[in-house]
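Positions are given from 1 along the sequence. Note that the structure is a prediction, hence the values are computed from the model and not measured.
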Amino acid sequence: MLWDTHMHCRFSGDSDAPAESMIRSAIDKGLDGICFTDHLDLDYREDPGLFSLDIDSYQTSIAALRKKYTSHLPILWGIEVGLQTHVTEQNRAITRSYPFDFVIGSSHCVDCMDIYYPAYYENRTEKSAYRHYFETILSNIRSDADYDVYGHLDYVVRYGPNKNQNYSYEAYADILDTILCELIERGKGIEINTAGFKYGLGHPHPTEKILKRYRELGGEIITIGADAHKPEHVAYDFSKVPGILRAAGFSYYTVFQKRKPEFFPLP
């Protein structure tokens, strides 16, 4: 099977799932291992404090469950950090103060606005809103933020006015290629995030063409995650993952332990 290394539980402001229920779901689905990556988004202005992660309680809880389920499957401990250039140093201080196995860097907010909400798209064309999102990703990468893998690179298409109806790799190839090259140059990876299927997009995040382009440009680090916030979404549509990754040019996938990449053959 595979590892699901992007999932959330009750320590994330947008989930009320007990961590143990996520673990039991992973066991029931025969996963090889999991990593919790609960949210930390500093300066989240839509609802201050919503994504202020209680890291000490989170660490204690996952450590206890790791011990309890040690004979069932490996359980790793990570974090998904909301990247914004003005909080880069604060984020780095946190990620380097705890023994995380894995750090996902993601763009949830642009200009301090959560792109989940319609306000981000007001007074912009959809194309300009998407391009500005990608420009923000590029700025975050160039800020030398501390993370291992950039999460759901085209996350913005979940929430745009027409979602991915008018979206394609080709329409943004110039900036997407720049993003991929910058990540590769810095030794950073990307993920295949199957939540795109859950949201009815018909594709993972990022799309198959972007995954293939990352590999063509020399990208080697690729993690797998369903971005589950509920037990029933653990390993969502993972049956599609090996075929997608092979078509993109991969024969393996990546799991981070103690911030170091380990490579596993695709099943």
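- For Phe11 against Asp38, the heavy-atom pair with the smallest separation is CB-OD2, 3.0 Å.
- In summary, the side chains of Ser107 and Thr136 do not present any donor paired with an acceptor at a separation below 3.5 Å, with no hydrogens or angles considered.
- For the pair Lys188 and Tyr147, the cation sits on the ring face: its NZ or CZ lies under 6.0 Å from the ring centre, inside 45° of the axis.
- With sequence neighbours excluded, the residues satisfying side-chain contact (heavy atoms from CB on, under 4.5 Å) with Arg96 are Arg92, Asp146.
- No donor-acceptor distance shorter than 3.5 angstrom exists from the side chain of Thr70 to the backbone of Lys67, with no hydrogens or angles considered.
- Partners of Asp16 under the side-chain contact (heavy atoms from CB on, under 4.5 Å) rule, at least two apart in sequence or in another chain, do not exist in this structure.
- A salt bridge is defined here as a Lys NZ or Arg NE, NH1 or NH2 lying under 4.0 Å from an Asp or Glu carboxylate O, and Glu135 with Arg131 fails to meet this definition.
- Looking at every heavy atom in both residues, Leu40 comes nearest to Ser52 through CD1-CA, 4.3 Å.
- No more than 12 heavy-atom neighbours from other residues, nucleotides or ligands sit within 6.0 angstrom of NZ on Lys212.
- Looking at Tyr120, its side chain does come within 3.5 Å of a backbone N or O of Ala129 through a donor-acceptor pair.
- With contacts defined as side-chain heavy-atom distances shorter than 4.5 Å, the pair Phe134/Leu138 does not qualify.
- Under a 3.5 Å cut-off, the side chain of Asp114 and the backbone N or O of Cys109 do not form any donor-acceptor pair.
- Shown here for Ile137 and Leu153, the closest heavy-atom pair between the two residues is CD1-O, 3.3 Å.
- The ring pair (Phe, Tyr, Trp, His ring centres under 6.0 Å) test applied to Phe263 returns Tyr252, not counting sequence neighbours.
- Applying the side-chain contact (heavy atoms from CB on, under 4.5 Å) test to Glu20 and every residue at least two apart in sequence or in another chain returns Arg24, Leu65, Lys68, Tyr69.
- In this structure Tyr167 satisfies the side chain to side chain donor-acceptor pair (under 3.5 Å) test together with Asp154, sequence neighbours excluded.
- Heavy atoms from other residues, nucleotides or ligands lying under 6.0 Å from OH of Tyr116 number 12 at most.
- Between Phe100 and Tyr98, the ring-plane angle classifies as tilted under the 30° and 60° cut-offs.
- In this structure a side-chain-to-backbone donor-acceptor pair under 3.5 Å is present from Asp54 to Ser57.
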Pairs under 3.5 angstrom only: tabulate donor-acceptor contacts from the side chains of residues 231-244 to other protein residues two or more places apart or in another chain.
from	atom 1	to	atom 2	distance (Å)
Asp237	OD2	Lys240	NZ	3.1

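- Scored by the side chain to side chain donor-acceptor pair (under 3.5 Å) test, Asp28 finds no partners at all (sequence neighbours excluded).
- In the model, Asn164 has no side-chain atom that pairs as donor or acceptor with a side-chain atom of Tyr130 under 3.5 Å.
- For residues 15-54, every residue pair satisfying the ring-ring contact (aromatic ring centres under 6.0 Å, His included) rule, not counting sequence neighbours, is listed here: His8-His39, His39-Phe51, His39-His108, His39-His229, Tyr44-Phe51.
- In this structure, Lys29 places its NZ atom where more than 12 heavy-atom neighbours from other residues, nucleotides or ligands lie under 6.0 Å away.
- Not one N or O on the side chain of Gln90 forms a donor-acceptor pair closer than 3.5 Å with the backbone of Leu42.
- Thr5 places no side-chain N or O within donor-acceptor distance of the main-chain N or O of Ile34, the cut-off being under 3.5 Å.
- In plain terms, the two heavy atoms of Tyr214 and Glu220 that are nearest each other are OH-N, 3.4 Å.
- Thr254 places no side-chain N or O within 3.5 Å of a backbone atom of Thr223 that could act as its donor or acceptor partner.
- Partners of Pro18 by side-chain contact (heavy atoms from CB on, under 4.5 Å), not counting sequence neighbours, listed by chain and number: Ser21.
- Partners of Arg158 by salt bridge (charged side-chain N to carboxylate O under 4.0 Å, His left out), not counting sequence neighbours, listed by chain and number: Asp227.
- Residues forming a side chain to side chain donor-acceptor pair (under 3.5 Å) with Glu191 (at least two apart in sequence, or on another chain): His6, Asn193.
- Shown here are the side chain to side chain donor-acceptor pair (under 3.5 Å) partners of Ser97, two or more places apart in sequence or in another chain: there are none.
- Remark: side-chain polar atoms of Asp101 are not paired, donor with acceptor, to backbone N or O of Gly78 under 3.5 angstrom.
- The ring of Tyr253 has its center no closer than 6.0 angstrom to the ring center of Phe250.
- In terms of heavy atoms, Leu2 sits closest to Pro267 at CD2-CD, 3.4 Å.
- At least one donor-acceptor pair closer than 3.5 Å links the side chain of Tyr121 to the backbone N or O of Ile115.
- Nearest heavy-atom pair, His152 versus His205, reported as atom, atom and distance to 0.1 Å: CB-CB, 3.7 Å.
- Of the possible polar contacts, one joining the Ser143 side chain to the Asn140 backbone as a donor-acceptor pair under 3.5 Å is found.
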